[in-house]
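Order of the sequence lines fixes the chain letters, A, B, ..., with proteins taken first and strands second; residue numbering starts at 1 for each chain.
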Number of protein chains: 2
Amino acid sequence: MRADARDNRERVLRAARAAFAEHGAQASLNKIAQSAGVGPGTLYRHFPTLGALLVAIIGDDVAALCEKGRDLLGHPSPVEALRTWLRAVAEHATTMRGLVAARMAVPPAPDDDAALAACHERIRATGSALLERAQRDGGVPGDVEIGDLLTLVNAIAWVSQQAPCDEYLLDRLLALVRGMEPLP
Amino acid sequence: MRADARDNRERVLRAARAAFAEHGAQASLNKIAQSAGVGPGTLYRHFPTLGALLVAIIGDDVAALCEKGRDLLGHPSPVEALRTWLRAVAEHATTMRGLVAARMAVPPAPDDDAALAACHERIRATGSALLERAQRDGGVPGDVEIGDLLTLVNAIAWVSQQAPCDEYLLDRLLALVRGMEPLP
DNA sequence: GCTCAACCGGAGAGGCTCTCCGGTTTAAGT
DNA sequence: ACTTAAACCGGAGAGCCTCTCCGGTTGAGC
């Protein structure tokens, strides 16, 4: 990739991060391009879809969540480890005004963005390890599926951003999930 | 209201119902007006916002849900009654490609649509009666709040519509909620 | 039948997404 | 260092969209 191209790409990413954080999915790609100092054509060449742009932004976050998950595999309480990690996933999914949660909630269709599918798979693999460990420990019912659990956590994260004034909503809703009951 | 005005209003509602069912929130109000055979101005005069249009469409459904809730207050098992009703709420919220769930998920802001707030309040009152009965019966923990429960149910309904090919997702996610465990 | 308030709908402003293509710049090869 | 071809840039513009305004029309009451 040419140096000027990489430069533009990064300027777009910076502008997009700011715009998504402020306006969520309603952010105008036009204005992102403008505030990045490039033309619309340049933006669309680098990121053909809004999804591609988002995945490029959160790629590092996904890696961080996976690493945190790996660390938690060494936690003395498997159930506590799973809970902590799901809380972190939910917390991250609330960024960008719930745009991340909306995009990550369900497995992508086969013809969808490949990078998005990769993010999904990495999160799923990490969660699967944590869940199975918690299930072997007996603290979580065996019929719980990691895909469903992640979907539910993302749904909760999404809806929490719909009522931005209620800052404890996320935790209250998570507490309504089986296996995430508040500790006595 | 003049006869022609009422006529137009109902034609718009019919067209909107069809368009929302097909395209959800991405439905074009322009095309709704066109397929109803009226101009954009007419549509916007009757329904200034997308929310107003949606509330007008689902008004009857909300009444039906409340009536079903009242009937279920006579059910022999309070817990079963609550479960059945929440399942019905979720089922209804998945209509219009999740648009209903998205609009009903969290309490409306004070400056929001008055009709929407009324819908919210009616649903909440019905659910509250069912929940308190189930809590008195001892089948549901006392710390559960009806507002949170409805928000969670709507979030589940919304996310279920994000993966339209997985028809059992709604039930699997509901089963992950405390108090909605599958019966043995 | 007359009147006038209520209503209609199209024109149009302004914004958005996304594409296309002529001009420019960079990196590689000599 | 110079040439060259491929890669890249960005603006113009087509075709959507939302929402408003206003001149012409229609229906309800007298």
Nearest-nucleotide comparison on DNA chain C, the residue closer to the 5′ end among A/Arg45 and A/Pro48: A/Pro48

Heavy-atom neighbours of A/Gln34 CD exceed 12 at 6.0 Å: no

Return the set of residues passing salt bridge (charged side-chain N to carboxylate O under 4.0 Å, His left out) with A/Arg11 (not counting sequence neighbours), or none when no residue passes. A/Asp7

Between A/Asp113 and A/Ala115 (side chain of the first, backbone of the second, donor and acceptor by atom type, cut-off under 3.5 Å), is there such a pair? yes

Taking all non-hydrogen atoms of both residues, which atom of B/Thr126 and which atom of B/Leu65 are closest, and how far apart? CG2-O, 4.5 Å

Rounded off to whole Å, could you give me the CG-to-P distance for the B/Asn30 and D/dG15 pair? 16 Å

Taking protein heavy atoms under 4.0 Å as touching, what does nucleotides 24-30 of chain D look like 5' to 3' if B marks base contact, S marks sugar-phosphate-only contact and - marks none? --BSS--

In residues 35-44 of chain A, what residues come within less than 4.0 Å of DNA chain D, judged by heavy atoms? A/Gly37, A/Val38, A/Gly39, A/Pro40, A/Gly41, A/Thr42

For residues A/Ala102 and B/Gln162, report the shortest heavy-atom separation together with the two atoms involved. O-NE2, 4.2 Å

DNA chain C contacts among residues 11-26 of chain A, heavy-atom distance under 4.0 Å: none

Let me know the distance between NZ of B/Lys31 and P of D/dC19, rounded to the nearest Å. 16 Å

Taking B/Ala105's backbone N and O only, do any of them form a donor-acceptor pair with B/Thr151's side chain (distance below 3.5 Å, no angle check)? yes

Applying salt bridge (charged side-chain N to carboxylate O under 4.0 Å, His left out), name anything that partners A/Arg87, two or more places apart in sequence or on another chain. A/Glu91, A/Asp171

What are the 5'-most and 3'-most nucleotides of DNA chain C lying under 4.0 Å from any heavy atom of chain A? C/dC16 to C/dA27

